[in-house]
Every structure is written in structure tokens, then in C-alpha cells.
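Here's the structure we're looking at; comments come further down.
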Amino acid sequence: MQIKPFRIEQYFGKYEFTAKYLLSSSDAESRSIRELLDLEPGAYERFLDHWCGYTESPGAPWVREAVAGIYKEVLRDDVLVLSAAEEGIFVLYHALAAPKDHVIVETPCYESSLEVARSTGAQVSEWRRSAKNGWAHDLAALERLIQPNTKIIYINTPHNPTGLLMSANVFKQVIALAASRGIIVFSDEVYRELEHDPRMRLPAACEVYEHAFSLGSMSKTYGLPGLRLGWLVSRDADLLQRCLDFKYYTTICSSAPSEFLTALALRHRGELVRRNLEMVRRNLALLDAFLQLRSDLFEWVKPNASPIGFARFKPDRDVFVFCRKRSRNWGPFWMLILD
Ligand SMILES: Cc1ncc(COP(=O)(O)O)c(C=O)c1O
């Protein structure tokens, strides 16, 4: 397997834990294990007594049950628990894509969604969006990219890096396009449930199309990336089984303490989301006001979902040089990077 360096993670590796001010987090604010255990009477004792053996490879049944509860008409057996969404991306592409296949990836995107697809040897096309037209989705362009051997279409909504939701109409049409050709939809929904206006929430892809996968995670909306726990949900039992067969080679099963804490957190996810959403709304108003004040330097499409946004640094300067220079005093500033 050939895979390119994961540049964004290398960048984080260098600055995330050393910068004075971190302006580039991609997840909601976290909390301590104590705060999680405080959510439920008796949880502290139960956690200490929790068995630290291997867990079931698809995920402990009660964790899968808790994850299924996020979705409509999804059963426990439709859920495959993974060690965070990152494992989901790796497992899904490698279980389902081969050199004879073609994969379409919505870009710009979280780097591994593109590079892991390429690492399977499949031919990969980018369904590219641009700031120049307000990050619009060009459905005609997507249709033109489809080939007879297109196996998977990767989409991401709410979207990293823009923090924008796909419109309900575009989402419906992407699903219809894929369904009409039997293409698998791989829908990265790690920011789902953090829409700034919850009425704008889209259905999960796994709810509306049998050959779709919804990718979820404790990392982003729920602010618990240290649990390293995520999931793939699909009503296509055969495809899900192929992902499980691949997982036996990656992690076999998930972390037992993380499964305990995940099920606990999901039982209280309303509370977690409420706090995180409040924080996002408050901080977004401040950041947006700052970007407007310095509109000589910045422009952006204000995000409507997730805790992230993507501002453009207008001066014609190399942003990496700018970030490195600033990082000595301010911390990294990579949110300025643009196509
Ligand atoms: C869109 C998207 N998908 C997946 C991931 C991976 O998340 P994790 O492995 O922490 O669950 C990230 C992380 O930044 C992301 O932004």
C-alpha cells in the first residue's frame, strides 16, 4: 500500500500541544472523565468494575444499541463500532474499493478521506467545491464524474473545513444519483447533530438509502475525541460484514473503557450537544465579528453547522510561512488555508 503523508496531522503533531493559542481545533470542547461519570448516579463505581477484556468485534451490543438510538429505523446489527471515524475511513475504503474501481470524493475534505481512497489503488476523482461560488455543490459536475465502475461516492455534511451543511435538495439528489446506479454512498456525518439550527438537520444517509454508510464519531459533536470511538452504520448487511472482516486486521475490537464511556455519554447526548451548541453559537458571533472587522484581511462564508469554519486570508502571501511566523507568538493559524 502506498499512502501520502497526512499533512494536516503532521502539522498538528508539530503545533497542537505546544502552541499558546490553538485556533484550529476541529472538535467541540471536551470534558473530563469525572464530568462524564457525574452524568449518572453510580457510574463511577460501575466504571471501576468494568471488565477490561476484549470486547465483541462489531462493538458491545449495548454500545451498538446506544449508537442505533441516534438514527431512525436503525437496528443494533446495522452498527459497526470502530476506534474512531479515522478507522472507519480506513476500513471502509480498504474493505470495499479495489484497483479496478472508481471512487468519487467531495473535496476539499479531511485529508484521509481522499488519500486513503487513493491508497487502495482505485482511481479517485474529486468532486471539487470552491469558495469562488460560495462552496456550492455542482450536481451536473458530479454526474459527469460517474463512470461505469464508480463504486463509492464520499460526501461530508456538515462539511470539514467549511462548517456548511449540504442543502436538503442536493443531498436528496446525490442519494438519488447513487441509487439509480447502485453506487455506495459513504457519508461522513461526524458533525451531525451540531447544526446551528437543529431544524436544518439532514436525514442520515443510512436512513434513506440501503447501500449507504453513515460515519459517526464521539470526537466532534460530542467533544470526546480522546475516547477514540466511532462507528459505521449501514442497512446493507453484506457490505457491513465486509467492513467487519477488515476490522479484524486493524483493531479486532474497540477499547473496553471507551465503550463504557461512549454508551454513558450517548445516554446523555442531548445534554452534551446543548452545551457544545451554546458554546459554538457564542464563539461564532465573536469570530464572525472579528472577521468582519478585519475584512481587509479575511473573508468567509459563515458556517451554519459544526464548530469549525474556513476563512480565507486575502493578502497574496504564503499562508504556511505566515502561520509558522505567527506560531512563534500566537499559535498556528491554519484555518486560513484555501484552495
Ligand atoms: C470530516 C472528518 N471525518 C473524520 C475525522 C476523524 O475523526 P476521529 O477519528 O477523531 O473520529 C475527522 C477529524 O478531524 C473529520 O474532520
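Counting starts at 1 for both ligands and their atoms, following the listed order. FYI, side chains are in, hydrogens and waters are out, and symmetry mates aren't considered; it's all heavy atoms of this structure.
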Report task. Decide yes or no on salt bridge (charged side-chain N to carboxylate O under 4.0 Å, His left out) for Lys247 and Glu87, but give the supporting numbers first. Result -> CA-CA 8 Å; Lys247 181 188 170 179; Glu87 189 187 17; 5.2 Å; no
Query raised in the report: Do other residues, nucleotides or ligands put more than 12 heavy atoms under 6.0 Å from the OH atom of Tyr44?
Result: no
Report summary line: For Ser26, the atoms of ligand 1 under 4.0 Å from one of its heavy atoms are 14 (O)
Report task. Give the atoms of ligand 1, by number and element, whose distance to some non-hydrogen atom of Val190 is under 4.0 Å. Result -> 1 (C), 2 (C), 3 (N)
Query raised in the report: Going by heavy atoms, is His159 under 4.0 Å from ligand 1?
Result: no
**Report entry** Contacting atoms of ligand 1, where contact means under 4.0 angstrom from a heavy atom of Asn156
**Finding:** 1 (C)
Report task. Output the list of atoms in ligand 1 that are nearer than 4.0 Å to some heavy atom of Ser219, sorted by atom number. Result -> 8 (P), 10 (O), 11 (O)
Report task. Taking only Lys NZ, Arg NE, NH1 and NH2, and the carboxylate oxygens of Asp or Glu, determine whether Arg64 and Asp77 approach each other closer than 4.0 Å. Result -> yes
Query raised in the report: How far is atom 15 (C) of ligand 1 from its nearest protein heavy atom, and which residue and atom is that?
Result: Tyr110 CG, 3.6 Å
Requested in this report: Check whether the side chains of Glu16 and Tyr11 place a donor and an acceptor atom closer than 3.5 Å, and report yes or no.
Outcome: no
Query raised in the report: Just distances here: any N/O of Glu86 and N/O of ligand 1 closer than 3.5 Å?
Result: yes
Query raised in the report: So which of Ala85, Ser25, Gly216, Gly88 gets nearest to atom 7 (O) of ligand 1, if we judge by its closest heavy atom?
Result: Ala85
Query - Sidechain-backbone polar pair: His196 side chain, Ser306 backbone, donor-acceptor under 3.5 Å - result: yes
**Report entry** Short side-chain donor-acceptor distance under 3.5 Å, Asp288 and Trp300
**Finding:** yes
Requested in this report: State if Lys220 counts as touching ligand 1 under the rule of any non-hydrogen atom under 4.0 Å.
Outcome: yes
Report summary line: the protein heavy atom lying closest to atom 11 (O) of ligand 1 turns out to be Ser217 OG, 2.6 Å
Query - Residue and atom name of the nearest protein heavy atom (relative to atom 3 (N) of ligand 1), distance in Å to one decimal - result: Asp188 OD2, 2.7 Å
Query - Non-hydrogen side-chain atoms of Arg31 and Tyr222 separated by less than 4.5 Å - result: no
Query - Stepwise salt bridge (charged side-chain N to carboxylate O under 4.0 Å, His left out) test for Glu40 and Arg46 - result: CA-CA 10 Å; Glu40 236 170 57; Arg46 280 188 282 123; 2.9 Å; yes
Query raised in the report: Which atoms of ligand 1 sit under 4.0 Å from any heavy atom of Arg228?
Result: 8 (P), 9 (O), 10 (O)
Requested in this report: May I ask whether Pro225 places a heavy atom under 4.0 Å from ligand 1?
Outcome: no
**Report entry** Pair Arg76-Asp78, salt bridge (charged side-chain N to carboxylate O under 4.0 Å, His left out): steps then yes or no
**Finding:** CA-CA 5 Å; Arg76 178 175 91 185; Asp78 303 328; over 6 Å; no
Requested in this report: Give the residue and atom name of whichever protein heavy atom lies nearest to atom 16 (O) of ligand 1, and the separation in Å to one decimal.
Outcome: Asn160 ND2, 2.6 Å
